Amino acid sequence: MIGVGPGGFVRYLLSMLAGPLIWFIYFSVIYGVVGFGGAFGFAPSGIRLFAWAATLAAGAALILLLWYARRSRASIEPKGPRAVHEVAGFLTALSLFAVLIEALALLIVPL
Amino acid sequence: MSDFPNALPRPKGELAELEAIWKLPRGPGVLTVVNNTYIGLAYVATALLFFVLAGILALLMRLQLAVPDNTLIDQGTYNQFFTMHGTVMMFLFAVPVVEAVGILLLPQMQAARDLPFPRLSAFAFWAYLIGGLFFFGSLFFGLAPDGGWFMYPPLTGTRYSPGDNADFWLVGIGFIEISAIAGAIEIIVGILRTRAPGMTLDKMPVFAWAMLVFAGMILFAFPAVILATFLLELERAFQWPFFIPDKGGDPLLWQHLFWFFGHPEVYIIFLPAAGMVSMIVPAMTGVPLVGYRLVVVALVATAFFSFGLWVHHMFATGIPELSLAFFSAASVAVAVPSGIQVFSWIATIAAGRLRLTVPSLFVLGFLAIFVIGGLTGVMVAMVPFDLQTHDTYFIVAHLHYVLIGGMVFPVFAAIYHWTPILSARPLSERLGRWSFGLLFVGVNVTFFPMHIVGLMGMPRRVYTYPEQMGWDWPNLLSTAGAFAIAAGVLVCLVDLALNFRFTTTGSAGNVWRAGTLEWLPNEVYGTRSIPVVSSREPLWDDANLAEDVRAGRYFLPGASTGGRETLITSPIHADPQYLLQIPGPSWRSLLAAAFTAAFFLLLTVKLVVPAVACGVLAVAMIIAWLWQTDPGANHPPVDIGDDLVLPVYVTGPASHSWWAMVALLLVAASLFIALFFSYLYNWTVSPQVWPAATGQRLPVASWPAASATAFMVGSVAMAFSGQMLARAREYGDWPVRLGIACACLALAAGALIELQGHWQTGLRPAMNSYGALVYAVIAVQCQLVAVAVFMGLYTIARSAAGMLTPVRRATFDNTLLFCHYTVGQGLLGLLIVHGFPRIAG
Ligand code: HEM
Ligand SMILES: [Cu+2]
């Protein structure tokens with residue numbers, strides 16, 4: 001009768017929010033490096049290279065996560081977790097979209 | 001769980017007992033009421049009052065702008081008017097009204113008897129009402145703030161705003177935000193822990209999802225603006241130069257902090273409104289919401305992405321190009337989740353047959369207006385376009401389309417939709433249609449021409465304009481439209497006056513044949529019994545549900561413990577866990593709110609001694625209030641039906657108060673992160689005031705080492721005390737009290753050592769922005785330590801009063817958690833303040 005404790009809840013929350021959290025880390029890294037990088041005296045081309053690398057890393061992580069969400073949706077228990085995996089999958093897809101859109105900035109802005 | 005756990009007929013007197021326990025106090029005692037229905041309704045009414053007040057200011061402004069070179073309102077008053085209009089609409093109407101609807105309806109939607117902390121809701125409400133009225137009252141003394149609703153320095157610094165006006169904003173809004181946070185914590189714990197058995201997260205009404213996301217966003221967004229107001233007030237009162245460039249500050253820091261709150265704020269307002277729409281559309285079409293999970297995804301995604309957009313309010317401030325493009329793209333991306341919701345509503349309407357009731361009309365109006373606002377939103381997300389329209393009436397048009405479309409229309413829809421739950425009869429369809437028509441036409445006539453006049457170059461926030469600009473006809477049109485809006489609001493108010501007859505016994509009920517639990521028969525105690533939920537629209541799937549619930553066939557048909565109580569369930573699957581005994585009516589929360597408000601108000605007008613007196617009284621009231629909480633296992637486990645026997649008291653991570661404490665700590669952590677950001681930010685802008693450039697001596701390493709040691713001793717002492725509490729039967733209470741006392745001393749010592757360490761180097765907060773930030777970190781830490789010490793002493797007092805035992809330890813657990821957090825933040829603060837200048841200079 002006693003359900004999931006807070007540990008279970010945190011795990012649940014993290015598995016649901018993994019995609020947006022990766023987006024958030026990506027966002028913070030780019031914002032931090034572009035915003036504060038100048039102050040640290042990084043070269044613009046270095047910043048850009050770094051931003052590309054971050055985009056690739058975030059994109060790869062999200063694709064991996066998507067694949068994982070798909071796989072586990074098919075397998076484990078039918079009832080509650082299924083919804084989690086579905087929601088997590090959609091959230092990951094949206095996060096991937098956001099990362100890609102935001103990376104457009106790198107293409108558009110001339111060096 | 002079997003379907004009908006309870007045998008009928010129910011014992012005689014059970015119902016009468018329930019009614020007696022939950023009834024409204026009589027006479028002046030009504031002010032002490034804490035039931036969510038009464039507080040929620042008063043909360044909604046107050047928010048509507050502020051809507052009307054701010055609306056009157058808008059009408060006056062529109063009258064002034066109706067014709068060129070008008071002299072109705074002078075420039076200074078106009079500045080106060082638009083500032084108050086914007087501020088009151090955003091902080092005293094938009095956020096409170098959705099919070100209020102949450103407090104009013106969430107327990108009903110989840111079939112809970114009440115929220116887990118009724119007195120906290122009451123406190124939030126009274127703080128808001130009293131604080132809000134005083135804040136608005138400043139207008140009548142010419143003391144109203146006049147720096148615009150976002151209060152940018154340097155305009156709002158002492159140089160250009162020497163009067164008390166700006167202080168009213170900073171202190172008043174800071175205070176009201178605290179009330180909003182209190183409400184948010186209540187809502188989070190309420191949603192996660194008081195749902196009806198079986199109502200898993202996946203079966204939760206969309207409005208509850210929206211409110212959960214809303215409250216979560218408040219925890220992370222509001223601390224940024226609270227910090228900003230705190231810093232600006234420190235600058236104004238004590239010349240700590242956070243925002244003054246000559247001294248290494250930066251006015252843009254304010255803009256970052258403000259908009260880090262301010263952009264999410266837009267979604268904090270919009271998401272609950274969208275949640276309301278997601279409830280109304282299925283009720284009006286008779287089919288479940290299409291794409292429930294996608295809508296949940298959209299709510300969550302919007303919440304996240306909205307934290308990555310704030311810089312689009314600062315496109316015109318000279319930001320690196322890459323950042324511009326980045327935030328521009330992000331602003332477009334956030335439109336996608338909103339689009340998902342719009343398509344879900346349209347699909348639901350297409351799947352069913354929409355009845356064109358008044359709520360439906362407002363929903364359709366919302367869709368039209370909000371979509372236009374969204375489109376102009378994508379336009380201003382384009383940097384070159386924004387640079388043209390920045391600070392023009394185009395922006396005024398855009399923001400009103402989004403806000404009025406996105407939240408005023410849904411709120412009106414909600415008023416018409418949910419009134420039958422609370423009133424003996426529904427509102428009038430005829431008057432409702434008039435109200436809708438006037439509002440819809442009025443809004444478009446008022447705000448559409450503003451796009452045009454904005455493109456013609458009319459700046460916002462001007463109190464008049466010369467004749468030859470060609471701006472006169474759109475302005476006249478706008479003014480005419482504003483009166484149509486006013487008429488629409490008036491019609492709705494007349495409708496409410498004529499038809500709203502509040503009742504907790506015979507409400508009009510489920511007139512729309514909706515499927516969610518708030519439409520169960522509701523009395524003053526909520527539903528008679530608490531059903532087991534097995535779908536998202538239980539009333540549609542079980543035709544007898546309402547009758548069974550009313551007859552008391554389900555859980556908890558009476559008052560098992562003889563007092564107010566509600567069922568606490570697990571956060572994900574909503575399995576019953578324990579029965580929470582909740583407190584009843586009390587003057588304590590009301591008086592605590594009143595004295596706290598008085599404290600802040602008197603401080604603003606610099607009456608320090610009376611302010612301190614009120615502060616002491618407020619603390620006394622809070623102690624008196626807390627003293628009655630944490631009752632312990634004062635009742636054996638009870639049978640709530642279906643042979644399900646639940647404890648009436650739990651502690652540790654399973655308890656609701658533990659969750660509230662964690663939420664509070666998240667607020668503290670967000671505030672600290674915002675402070676860290678400010679430190680880094682001012683360093684990047686003005687490294688010349690940091691020690692490497694000024695030669696400012698840093699305290700030798702033994703200072704922070706001593707401080708860190710003291711903090712850690714505090715944590716260890718608390719942990720020891722916890723161990724001793726568990727073994728109090730063997731060793732008695734003294735080791736527990738001793739441990740807490742040591743922890744208090746150690747924490748205080750840690751903070752004071754850190755303060756003295758910097759003071760003895762000759763660093764002063766008013767010297768430059770570096771000094772100001774170092775002392776700001778210390779000040780925030782000192783606040784935490786002060787609260788921790790207060791909680792420690794309180795816990796010792798509980799122990800002395802025999803109210804702390806190995807079982808009855810929720811108070812202790814909360815203190816423990818808070819102390820550990822205080823130590824963690826203290827250590828991080830030391831690391832930043834002492835580490836950063838040593839590494840980066
Ligand atoms: C009910 C009809 C309303 C009318 C006729 C109206 C009219 C106005 C006018 C004339 C201004 C001043 C423009 C300027 O001088 O720059 C203004 C500003 C503003 N309004 Fe409204 N408004 C209405 C509703 C709302 C609502 C419902 C909200 C928010 C929920 C809102 C939020 C604001 C804000 C944030 C500003 C900017 C204040 C500033 O510049 O500091 N308004 N409105
Ligand atoms: Cu924004």
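Residue numbers begin at 1 in each chain, while the letters A, B, ... track the order of the sequences. Just so it is clear, the model here is predicted, and its values are computed rather than measured.
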Inset, instruction - Look at the aromatic rings of A:Phe27 and B:Phe326 and report parallel, tilted or perpendicular, splitting at 30° and 60°. - result: parallel
Inset, instruction - Heavy atoms only: give me the nearest B:Ala329-A:Glu102 pair and the separation to one decimal. - result: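 So the two residues come closest at CB-CA, 3.9 Å.
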Legend entry - Heavy-atom pair of closest approach, residues B:Ala333 and A:Ile101: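 The answer is CB-CG2, 4.1 Å.
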Given that the side chain runs from C-beta out, which part of [X] has a heavy atom under 4.5 Å from chain A: side chain, backbone, both or neither?
X        : value
B:Leu201 : side chain
B:Leu680 : both
B:Val336 : side chain
B:Phe327 : side chain

Inset, instruction - Check whether any side-chain heavy atom of B:Ile340 lies under 4.5 Å from a side-chain heavy atom of A:Leu94, and answer yes or no. - result: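 Side-chain contact under 4.5 Å: yes.
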Inset, instruction - For B:Phe677, look at atom CZ and say whether over 12 heavy atoms of other residues, nucleotides or ligands are found less than 6.0 Å away. - result: yes
Inset, instruction - State whether the number of non-hydrogen atoms from other residues, nucleotides or ligands found under 6.0 Å of B:Glu321 atom CD is greater than 12. - result: no
Inset, instruction - Show the numbers, then the answer: is there a side chain to side chain contact (heavy atoms under 4.5 Å, CB included) between A:Phe9 and B:Trp659? - result: CA-CA 11 Å; A:Phe9 182 73; B:Trp659 284 63; 3.6 Å; yes
Inset, instruction - Report the residue from B:Phe260, B:Phe307, B:Trp310 that forms a ring-ring contact (aromatic ring centres under 6.0 Å, His included) with A:Tyr31. - result: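 By the ring-ring contact (aromatic ring centres under 6.0 Å, His included) criterion, A:Tyr31 pairs with just one of B:Phe260, B:Phe307, B:Trp310: B:Trp310.
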Legend entry - Which portion of A:Leu100 sits near chain B, non-hydrogen atoms under 4.5 angstrom: neither
Inset, instruction - Answer with side chain, backbone, both or neither: which region of A:Phe90 has an atom nearer than 4.5 Å to a non-hydrogen atom of chain B? - result: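 Contact with chain B involves both backbone and side-chain atoms of A:Phe90.
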Legend entry - Heavy-atom pairs under 4.5 Å with chain A, option from B:Val311, B:Val685, B:Leu294, B:Val296 with the top count: B:Leu294
